[in-house]
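Below, all heavy atoms of this structure are taken into account, side chains as well, without hydrogens, waters or symmetry copies. The sequence lines fix the lettering, A, B, ..., with proteins before strands; numbering per chain opens at 1.
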Number of protein chains: 2
Amino acid sequence: MSPRRSDPATKPALVDIAARLLAENGPQALSTRRIAAEADSSTMTVYTHFGGMSGLVREMVREGFARLQERLTSVRSTDDPVADMALLGRAYRINALANPHLYAVMFGGSSLAGFSLSEEDRQHGRYTLGNVAECAERCLTSGRFRPGDAILVAHQMWTAIHGLVTLELGGYLIPPYDADTCVEAQLVGLMVSAGDDWQAASESVARSLTRIGEIETA
Amino acid sequence: MSPRRSDPATKPALVDIAARLLAENGPQALSTRRIAAEADSSTMTVYTHFGGMSGLVREMVREGFARLQERLTSVRSTDDPVADMALLGRAYRINALANPHLYAVMFGGSSLAGFSLSEEDRQHGRYTLGNVAECAERCLTSGRFRPGDAILVAHQMWTAIHGLVTLELGGYLIPPYDADTCVEAQLVGLMVSAGDDWQAASESVARSLTRIGEIETA
DNA sequence: GTTAATAGATATCGCTGTTATGCAACAATG
DNA sequence: CATTGTTGCATAACAGCGATATCTATTAAC
């Protein structure tokens, strides 16, 4: 009447193995046979637990967004919401640089391989913007930002930082400008475009740099 | 003493076939056997002409950047450099939407598959920014933009629009904001962050929308 | 203890990129 | 024009991939 139950610890263990293979040996190493070899089992484990390779990839995308969310929530709210926002941008970038392959799968993997993200997965991705939108709301109510829609502001922050990080990971940044310089300029520019004063934005961005320890350890 | 020469027209023909397969049937259709079947030849053609699948992909990346460059150069210079800049942004996005799979290979294909772009390929990508930097220079000399470095300004334009397009193609844009609304907001924000007046930027961005015909046919 | 249902192993299929082999076609040379 | 060296391309094969069918054995419920 009742079936055999599998070890509930094997599923996250498989995700861990897959994440490690992806981080250490690149996307080529993400094969059912290699994962099975690392887990001392057969290729069937991937199918019984995730229904296939794409299911495992989707689980890894969830894991990637969880790491991003964790990094973003490590930014504490202070009385300088613009500095908080700048630190959120830095946290986003640091998370991407810490998990480059995972980041590539999260945002660029849907079209190249056969992996199609479901609408629920995308919704998970959009939840990530919650932290940013909340901070944007504080920036708006504090009067630092021009009156407007918090979600739209958060969106602009996301797209700009995401684009910068994507090009940085792809090696498309133009010498002699290093990534750090571009990040500073991008952050200040974003705050100004949202309505903040130039000098105040520069100071807040500089202040966020002093709080880099909040997000580096997380 | 002298070898047999192949038809010089077969190489671009293969690139065309590959680009068509990619656009119509997605990345999965990019296989040596499928290409060979379309070209009425064997899988060896890919190796004799490109040295392998990655070589063909690199050639397609070059093709993708060529199309982007062609679209960007179709933007004519007027006495409103900010409107020209906004139209460059629209051209960038329209090119990406017209060639979504190719765009994905150009910027997201290096990490997921085994295709590694050489430094020369990346340099080709950076040349794309030449049009934008030129336009940024005109925005700076006209006094619309705050004094600064044209390349850095062009960089911020690129990263922001690239990020927006990437998220749009990935389906990560947040309802109820459609992509067009985000584009308008992003463009105006970019001009303001570069130093332009808010109202003047809004007018120039709106003016660029009336010139959309310059880039849609190209 | 019996039984039903599932986890996992094995083998296989169809597909992929890649390579070794062989042949045919061309360009240069005499 | 004949020879010859070089190369393009076809055929077949190999290693690897994801996916599946089949089978065994384990486990939870009765």
Checking all strands, does A:S31 fall into the base, sugar-phosphate, or nothing category for heavy-atom contacts under 4.0 angstrom?
->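 Sugar-phosphate: the residue A:S31, judged by heavy atoms under 4.0 Å, touches backbone atoms but no base.
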
Identify whether any heavy atom of B:L30 sits under 4.0 Å from a base atom; if not, whether one sits that close to sugar-phosphate; answer base, sugar-phosphate or nothing.
->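 The answer is sugar-phosphate, as B:L30 gets under 4.0 Å only of primed atoms, P, OP1 or OP2.
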
Could you state the [atom1]-[atom2] distance from [X] to [N], rounded to the nearest angstrom?
X     : N      : atom1 : atom2 : value
B:Q28 : D:dG18 : CD    : C1'   : 10 Å
B:M44 : D:dG8  : CE    : C1'   : 9 Å
A:Y47 : C:dT10 : OH    : P     : 17 Å
A:R5  : C:dG8  : CZ    : C1'   : 15 Å
B:R33 : D:dA13 : CZ    : P     : 13 Å
A:F50 : D:dA19 : CZ    : C1'   : 16 Å
B:I35 : C:dC15 : CD1   : C1'   : 15 Å
B:M53 : C:dT19 : CE    : C1'   : 17 Å

Side chains of [X] and [Y], heavy atoms from C-beta outward: is any pair under 4.5 Å?
X      : Y      : answer
B:F50  : B:L14  : yes
B:S204 : B:M191 : no
A:I161 : A:L190 : yes

So, does [X] get its side chain near the phosphate of [N], meaning an N or O under 4.0 Å from OP1 or OP2?
X     : N      : result
B:T48 : D:dG8  : no
B:S41 : D:dC9  : no
A:S42 : C:dT10 : no

Going through the checks in order, is the side-chain contact (heavy atoms from CB on, under 4.5 Å) test met by A:M53 and A:T43?
-> CA-CA 10 Å; A:M53 199 62 198; A:T43 64; over 6 Å; no

Take B:M106 and B:E63 through the test side-chain contact (heavy atoms from CB on, under 4.5 Å) and record every step on the way to the result.
-> CA-CA 10 Å; B:M106 287 162 63; B:E63 168 71 19; over 6 Å; no

On DNA chain D, check which nucleotide each of B:T43 and B:T10 is closest to and give me the residue with the more 5' one.
->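 In this pair, the answer is B:T10.
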
Out of D:dA13, D:dA19, D:dA10, which has the shortest distance to the side chain of B:T45?
->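 Nearest nucleotide to the side chain: D:dA10.
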
